[in-house]
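Being a predicted model, the structure only gives us computed values, none of them experimental. By convention here, the first residue in the shown sequence is residue 1.
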Amino acid sequence: QLEDEDVRRCDEVVMVEEEEDEDVNPLWKLVAAAEQQERNMKRRLERERLKMEQDCLRASSTLQKIIKAEEQSAKIILRREKAEKEALEAKEAARLAHIQKEQLAAKQQQDLVKQQQEEAILAKQQKIEAAEAAKEEAHRKEVEEYNKKME
């Protein structure tokens, strides 16, 4: 569309020049038309260059946005992985703490049972000793009574 417009302008310039100067050599008219076409072509090329430059800038901007988004995504992934790792570590620490608590409770229970067994053994020994002492006392009294009777 732009090319058609440029050609029309060139034709108009040529016509205006033809009207102004009917005596001019047709070669000069062709040269003028060629120069006009060259100028139009240069303008069109400059517009295309600017358009391509803008397209490149837009593509560069888009690429930078994509890179930034990927970097942010990577940071998010790293933060999530770190949080998951910390959660696993916390879960493992809680599990170990629970195991230690159970082990401590089991040890305390064992200590209590051992203490109760020792107390029971001590009480039994005391009963045996008391029984033996009572038996000896009874035997001594018997011997005393027997000795009193014999006297």
Side-chain angles (χ1 to χ4, degrees), residues 1-140:
Q1 189 178 19
L2 290 176
E3 290 177 17
D4 293 341
E5 190 175 311
D6 290 341
V7 169
R8 263 188 264 118
R9 283 189 202 147
C10 183
D11 289 343
E12 289 173 6
V13 168
V14 169
M15 281 198 243
V16 168
E17 288 177 358
E18 285 177 357
E19 291 172 1
E20 291 176 356
D21 191 10
E22 292 287 327
D23 297 333
V24 175
N25 185 344
L27 287 177
W28 285 108
K29 291 180 184 179
L30 287 175
V31 169
E35 288 174 349
Q36 183 64 38
Q37 281 183 330
E38 181 181 359
R39 285 190 296 274
N40 291 341
M41 189 66 112
K42 284 181 181 177
R43 274 184 265 165
R44 186 167 67 247
L45 287 173
E46 180 62 17
R47 281 193 303 270
E48 288 178 15
R49 186 191 66 76
L50 290 173
K51 184 180 180 294
M52 288 175 65
E53 192 174 291
Q54 288 175 348
D55 290 346
C56 287
L57 288 174
R58 276 193 292 271
S60 175
S61 174
T62 301
L63 184 59
Q64 287 174 352
K65 288 177 185 176
I66 290 169
I67 290 170
K68 186 175 180 181
E70 286 177 353
E71 287 173 353
Q72 288 177 345
S73 177
K75 287 178 185 177
I76 290 168
I77 289 168
L78 289 175
R79 281 194 297 253
R80 183 177 62 220
E81 288 174 353
K82 182 180 176 186
E84 288 172 355
K85 181 180 175 185
E86 289 173 355
L88 285 174
E89 289 172 355
K91 186 177 179 181
E92 182 64 15
R95 187 183 72 80
L96 291 174
H98 181 71
I99 289 171
Q100 287 176 343
K101 183 179 174 184
E102 287 179 345
Q103 288 174 341
L104 179 62
K107 179 152 178 28
Q108 288 174 341
Q109 183 65 31
Q110 287 175 345
D111 291 346
L112 181 62
V113 169
K114 186 177 178 182
Q115 182 183 356
Q116 289 172 346
Q117 287 173 344
E118 288 173 356
E119 289 173 357
I121 290 170
L122 183 61
K124 193 173 185 179
Q125 284 177 346
Q126 288 174 348
K127 280 184 182 181
I128 291 171
E129 288 173 1
E132 286 178 2
K135 188 177 176 183
E136 286 177 14
E137 183 66 29
H139 181 63
R140 187 185 58 76

Trainee: Rounded at 0.5 Å granularity, tell me how far CD1 in I128 sits from CD1 in I121.
Mentor: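 Reported value, rounded in 0.5 Å steps: 10.5 Å.
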Trainee: With I66, which residues qualify under side-chain contact (heavy atoms from CB on, under 4.5 Å), at least two apart?
Mentor: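 If we apply the side-chain contact (heavy atoms from CB on, under 4.5 Å) test to I66, skipping adjacent residues, the hits are T62, E70.
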Trainee: R47 versus R44: any side-chain heavy-atom pair under 4.5 Å?
Mentor: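 A side-chain contact exists here, since the closest heavy-atom pair is under 4.5 Å.
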Trainee: Quick one: side chains of residues 96-118, donor-acceptor pairs under 3.5 Å with protein atoms, not counting sequence neighbours, listed by atom name and distance.
Mentor:
| unit_1 | atom_1 | unit_2 | atom_2 | d |
| --- | --- | --- | --- | --- |
| H98 | NE2 | E102 | OE2 | 2.7 |
| Q115 | NE2 | E119 | OE2 | 3.2 |

Trainee: Please report the C-alpha distance between R43 and E46 in whole Å, then the side-chain angles of each, then the deciding distance to 0.1 Å, and finally whether the salt bridge (Lys or Arg N to Asp or Glu O under 4.0 Å) criterion is met.
Mentor: CA-CA 5 Å; R43 274 184 265 165; E46 180 62 17; over 6 Å; no
Trainee: L57: what forms a side-chain contact (heavy atoms from CB on, under 4.5 Å) with it, not counting sequence neighbours?
Mentor: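 L57 satisfies side-chain contact (heavy atoms from CB on, under 4.5 Å) with no other residue.
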Trainee: Return the set of residues passing side-chain contact (heavy atoms from CB on, under 4.5 Å) with I67 (not counting sequence neighbours), or none when no residue passes.
Mentor: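 For I67 the side-chain contact (heavy atoms from CB on, under 4.5 Å) partners, ignoring immediate neighbours, are L63, E71.
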Trainee: Only counting residues at least two apart or in another chain, list the ones meeting side-chain contact (heavy atoms from CB on, under 4.5 Å) with Q54.
Mentor: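 Result, side-chain contact (heavy atoms from CB on, under 4.5 Å) vs Q54: R58.
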Trainee: Going from CG on N40 to CD on E38, what distance comes out if it is rounded to the nearest 0.5 angstrom?
Mentor: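 Going from CG on N40 over to CD on E38, the span is 10.0 Å.
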Trainee: Taking only residues two or more places apart in sequence, or in another chain, which ones meet K51 in a salt bridge (charged side-chain N to carboxylate O under 4.0 Å, His left out)?
Mentor: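 Scan of K51 (salt bridge (charged side-chain N to carboxylate O under 4.0 Å, His left out), adjacent residues dropped) gives D55.
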Trainee: What salt bridge (charged side-chain N to carboxylate O under 4.0 Å, His left out) pairs are there with at least one residue in residues 122-138, not counting sequence neighbours?
Mentor: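 For residues 122-138: E137-R140.
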Trainee: Just grab all the side chain to side chain donor-acceptor pair (under 3.5 Å) pairs involving residues 84-96, residues at least two apart or on different chains.
Mentor: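 Side chain to side chain donor-acceptor pair (under 3.5 Å) check on residues 84-96 returns E92-R95.
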